[in-house]
Amino acid sequence: MNKSELRKVYLEKRRALSPNDVSEKSRQIADLLFVEFDLKAIETIHCYISIPRLGEIDTSLIYQRIWAEFPFVRMVAPRMSSVTGEIESLNLTPKTELLENSWGIREPVGNEIIDPSEIHAVLVPVLCYDRGGNRIGYGKGFYDRFLAKCRPDCRKIGLSFFAPVDKIDDIDEQDVPLDQCLTPGRSYAFQR
């Protein structure tokens, strides 16, 4: 199937999850992240702020645990630039104020933009992905453009409630594939 068809299917699958399902599966994904990755070797992680009304994975379970157990890891979160319309990363700490943008997405407030070359891992929102690590988001290409600016060795880690599909039919050269995707029951690694 193509991106548009898969996006519809997986948005519906995600809407079908109960709040309890979302909560439990989010906890399982967060737990797996702490098993899979040696956070002592990572200096800066970019983590998106989930949108509860869309049933996204609750990433607060990840960044709050990192703050508590790995205080030496710098957390950054996305904000849409009002100038470029692109994702920029800002520091995310327990004291960071979050404000909703015009799309209802909570973003960090601040002026210090972190250069993508300083980011060692990006936690990427995923609606659907395939066995090659190609992902589908909401269709605007924001994360593909952002990931293309990150350092070559930056780990691109998807977070998904679901297992991969065999193949996304309409991948193009602007699509940046994942290195790994974490689900409630399993981690999928992709070779480049």
Side-chain angles (χ1 to χ4, degrees), residues 10 13-14 17-52 54-79 87 89-94 96 98 105-108 114 116-138 142-144 146-147 150-165 176-192:
Y10 278 84
K13 284 179 82 159
R14 195 170 68 186
L17 296 173
S18 72
N20 284 344
D21 288 339
V22 170
S23 179
E24 178 60 22
K25 291 176 184 301
S26 293
R27 187 193 57 74
Q28 291 170 346
I29 291 166
D31 288 347
L32 185 57
L33 179 121
F34 290 93
V35 169
E36 286 282 313
F37 294 97
D38 178 11
L39 293 177
K40 295 180 193 117
I42 296 176
E43 293 175 30
T44 304
I45 299 175
H46 172 105
C47 181
Y48 68 97
I49 307 294
S50 53
I51 308 169
L54 296 182
E56 291 185 340
I57 293 160
D58 182 0
T59 56
S60 70
L61 300 172
I62 295 170
Y63 56 79
Q64 289 176 359
R65 184 167 169 188
I66 289 174
W67 292 336
E69 297 178 21
F70 301 91
F72 51 86
V73 174
R74 177 171 60 172
M75 294 297 306
V76 298
R79 177 179 75 186
I87 291 176
S89 297
L90 280 78
N91 284 318
L92 179 66
T93 72
T96 299
L98 298 175
I105 301 169
R106 293 176 301 145
E107 299 176 323
I114 308 306
S117 67
E118 297 179 42
I119 298 170
H120 297 88
V122 178
L123 301 181
V124 185
V126 174
L127 274 175
C128 177
Y129 61 106
D130 68 15
R131 295 192 180 280
N134 301 299
R135 63 173 275 282
I136 297 173
Y138 292 115
F142 292 119
Y143 262 93
D144 289 312
F146 173 72
L147 293 171
C150 291
R151 52 194 289 154
D153 63 343
C154 177
R155 298 281 305 162
K156 294 166 275 309
I157 306 159
L159 305 179
S160 177
F161 289 125
F162 308 108
V165 298
V176 177
L178 301 169
D179 296 304
Q180 195 161 354
C181 192
L182 304 179
T183 69
R186 182 174 169 191
S187 171
Y188 295 87
F190 309 107
Q191 298 301 319
R192 299 280 154 254

key: Spatial distance of atom CG (Asp21) from atom CD (Glu24) [nearest 0.5 Å]   = 9.0 Å
ask   = In chain order, what residues pass the ring pair (Phe, Tyr, Trp, His ring centres under 6.0 Å) check against Phe162, with sequence neighbours excluded?
value = Tyr10
ask   = Just how far is it from atom CD of Gln191 to atom CG of Asp179, taken to the nearest 0.5 Å?
value = 9.5 Å
key: Side-chain heavy atoms of Tyr129 within contact of Asn134, under 4.5 Å   = no
Check: Pro78 and Phe142 side chains under 4.5 Å, non-hydrogen atoms = no
inquiry  = To the closest 0.5 Å, what do you measure between CD1 (Ile105) and CG (Leu98)?
reply    = 12.5 Å
inquiry  = Applying side chain to side chain donor-acceptor pair (under 3.5 Å), can you list everything that pairs with Glu118, at least two apart in sequence or on another chain?
reply    = Arg74
request  = Decide yes or no on side-chain contact (heavy atoms from CB on, under 4.5 Å) for Thr44 and Val73, but give the supporting numbers first.
outcome  = CA-CA 6 Å; Thr44 304; Val73 174; over 6 Å; no
request  = Answer whether the closest heavy-atom distance between the side chains of Pro125 and Tyr138 falls below 4.5 Å.
outcome  = no
Side chain to side chain, Val126 and Leu178, heavy atoms closer than 4.5 Å = yes
key: Working for side-chain contact (heavy atoms from CB on, under 4.5 Å), residues Val122 and Ile157   = CA-CA 6 Å; Val122 178; Ile157 306 159; over 6 Å; no
task = Tell me, please, which residues at least two apart from Ser117 pass side chain to side chain contact (heavy atoms under 4.5 Å, CB included).
result = Asp115
key: Results of side chain to side chain contact (heavy atoms under 4.5 Å, CB included) for Val22 - residues two or more places apart only   = Leu17, Ser26, Phe161
request  = Identify, with sequence neighbours excluded, every residue that meets salt bridge (Lys or Arg N to Asp or Glu O under 4.0 Å) alongside Arg65.
outcome  = Asp31, Glu69
ask   = Is a donor on one side and an acceptor on the other found under 3.5 Å between the side chain of Thr59 and the backbone of Ser50?
value = yes
inquiry  = Between Val165 and Asp130, is there a side-chain heavy-atom distance shorter than 4.5 Å?
reply    = yes
Acceptor/donor pairs from residues 32-43 side chains to any protein atom, 3.5 angstrom cut, sequence neighbours excluded:
residue: Glu36; atom: OE1; partner: Gln180; partner atom: NE2; Å: 2.8
residue: Glu36; atom: OE1; partner: Ser187; partner atom: OG; Å: 3.2
residue: Asp38; atom: OD1; partner: Lys40; partner atom: N; Å: 3.2

note = Applying salt bridge (Lys or Arg N to Asp or Glu O under 4.0 Å) to Arg79 and not counting sequence neighbours gives Glu88
remark   = Value for CD (Glu56) from CG (Leu159), rounded to nearest 0.5 Å, stands at 10.0 Å
query = Going through the distances and angles, do Tyr63 and Ile45 end up as a side-chain contact (heavy atoms from CB on, under 4.5 Å)?
reply = CA-CA 9 Å; Tyr63 56 79; Ile45 299 175; over 6 Å; no
remark   = Heavy-atom nearest pair, Gly55 first then Arg14, reads O-CD, 3.4 Å
ask   = Does the side chain of Ser160 reach to within under 4.5 Å of the side chain of Leu182, using non-hydrogen atoms?
value = no
message = Measuring from atom OG1 of Thr96 to atom CD of Glu107, what distance do you get when rounded to the nearest 0.5 angstrom?
response = 13.0 Å
request  = Quick one: list whatever passes salt bridge (Lys or Arg N to Asp or Glu O under 4.0 Å) with Lys25, sequence neighbours left out.
outcome  = none
query = Does any non-hydrogen side-chain atom of Leu61 lie less than 4.5 Å from one of Arg27?
reply = yes
message = Could you tell me if the side chain of Arg151 sits less than 4.5 Å from the side chain of Pro116, heavy atoms only?
response = no
inquiry  = Let me confirm one number: the NZ-CZ distance from Lys156 to Phe146, rounded to the nearest 0.5 Å.
reply    = 10.5 Å
ask   = Are any side-chain N or O atoms of Trp67 and backbone N or O atoms of Ile62, one a donor and one an acceptor, separated by less than 3.5 Å?
value = no
request  = Under the side chain to side chain donor-acceptor pair (under 3.5 Å) rule, collect the residues that match up with Ser89, sequence neighbours excluded.
outcome  = His46
message = Looking at Asp144 and Arg135, is any side-chain nitrogen of the basic one under 4.0 Å from a carboxylate oxygen of the acidic one?
response = yes
task = Would you check, one step at a time, whether the test side-chain contact (heavy atoms from CB on, under 4.5 Å) holds for Ser23 with Asp58?
result = CA-CA 7 Å; Ser23 179; Asp58 182 0; over 6 Å; no
key: Residue list, side chain to side chain donor-acceptor pair (under 3.5 Å) with Asn91, at least two apart or on another chain   = Glu112
ask   = Closest approach of Pro108 and Ala77, non-hydrogen atoms and distance?
value = CG-O, 3.8 Å
inquiry  = Can you list everything that forms a side chain to side chain donor-acceptor pair (under 3.5 Å) with Thr183? Sequence neighbours excluded, please.
reply    = none
